[in-house]
Amino acid sequence: PLQPPPHHPQLPSFPPRRSSDLIASEASHGGFAPETRVQLDVLVALREEFDRVSSERLVSGSGLENIYWALGQIHGLKLPKLSAREIFSAAQESDEHGLEAVTLFFEVLGQFAGNYALALSANDGVYIAGGIVPRYPELFLNSRFRSGFESKGRHRAIMERIPTQLIVHPQPGLLGASYVAQEMAT
């Protein structure tokens, strides 16, 4: 079995992570790992368009557009080119193609967020922000995000205990910067 490395005095030691630490990254540019047959079919369709399919190709505004396009290809339909906003509007109006794309979008977003939380041991929680999800809180809260987040096989029990929160503040970056400035001043 693997053993922890011996203490090396020449290596810097890092303080333990605080529960308030934020970790910014570009993790969504890691490869997309489909977990269902539909997701695999979406990956195959997107590979016709892109040499490499990262999670970002699915969990962003343009990602929703890619999902919508790919689902049209899978179903043999020539769907109109819609923006993410138009796809969300279609879903809110119960359009079957818009609803299918948004449903898959939130499921894949949950899977990605869960993978990231598991990799980082984000036991204190995961906060969802950005330009898309906060605009559609009802769709998000009634989505398969949580099931995608928790679907981690033998680690499901761990994932079920990790809270997820939707940030709805209109300026979360400024709010966070204000908090950090106050902390630094004390």
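Index from 1, following the sequence.
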Between Thr186 and Gln182, does a side-chain contact (heavy atoms from CB on, under 4.5 Å) hold up when you go through it step by step? CA-CA 7 Å; Thr186 57; Gln182 288 176 2; 5.8 Å; no
Can you give me the closest heavy-atom contact between [X] and [Y], atom names plus distance?
X      : Y      : answer
Ile162 : Gly125 : CG2-CA, 4.0 Å
Gln73  : Ala45  : CB-CB, 4.5 Å
Ala117 : Met159 : CB-CE, 4.2 Å
Ile74  : Val38  : CD1-O, 4.3 Å
Ala101 : Ile87  : CB-CG2, 4.1 Å
Gly72  : Leu79  : CA-CD1, 3.6 Å

Check whether any side-chain heavy atom of [X] sits under 4.5 Å from a side-chain heavy atom of [Y], and report yes or no.
X      : Y      : answer
Pro80  : Tyr68  : yes
Tyr116 : Val126 : no
Gln92  : Leu139 : yes

Decide whether [X] and [Y] are clustered together by the hydrophobic rule: side chain heavy atoms of Ile, Leu, Val, Met, Phe, Trp, Tyr closer than 4.5 Å, transitively.
X      : Y      : value
Phe105 : Leu141 : yes
Leu99  : Ile132 : no
Tyr127 : Phe140 : no
Leu175 : Val180 : no
Leu166 : Val102 : yes

Going from [atom1] on [X] to [atom2] on [Y], what distance comes out if it is rounded to the nearest 0.5 angstrom?
X      : Y      : atom1 : atom2 : answer
Phe112 : Phe145 : CZ    : CZ    : 10.5 Å
Leu77  : Trp69  : CG    : CH2   : 12.5 Å
Asn142 : Phe106 : CG    : CZ    : 10.0 Å
Glu100 : Ile67  : CD    : CD1   : 10.0 Å
Thr164 : Phe149 : OG1   : CZ    : 6.0 Å
Asn115 : Glu35  : CG    : CD    : 6.0 Å

Relative to Phe50, does Arg57 satisfy both conditions: NZ or CZ under 6.0 angstrom from the six-membered ring centre, and within 45 degrees of the ring's axis? yes
Given Ser55 and His29, is the side-chain contact (heavy atoms from CB on, under 4.5 Å) satisfied, shown in steps? CA-CA 6 Å; Ser55 294; His29 292 285; over 6 Å; no
Give a yes or no answer on whether the side chain of Glu65 reaches the backbone of Ala84 with a donor-acceptor pair at less than 3.5 Å. yes
For the side chain of Ser178 and the backbone of Leu174, is there at least one donor-acceptor N/O pair under 3.5 Å apart? no
Verify the neighbour count for atom CZ of Arg85: are there more than 12 heavy atoms of other residues, nucleotides or ligands below 6.0 Å? no
Hey, mind stepping through Val108 and Phe32 against side-chain contact (heavy atoms from CB on, under 4.5 Å) and telling me if it holds? CA-CA 9 Å; Val108 171; Phe32 169 58; 3.8 Å; yes
Residue list, side-chain hydrogen bond (donor to acceptor under 3.5 Å, both in side chains) with Arg144, at least two apart or on another chain: Glu107
Please assess Leu43 against Leu58 for the test side-chain contact (heavy atoms from CB on, under 4.5 Å), listing each intermediate value before the final yes or no. CA-CA 10 Å; Leu43 174 63; Leu58 289 95; over 6 Å; no
Which residues share a side-chain contact (heavy atoms from CB on, under 4.5 Å) with Arg161, sequence neighbours left out: Ala157, Ile158
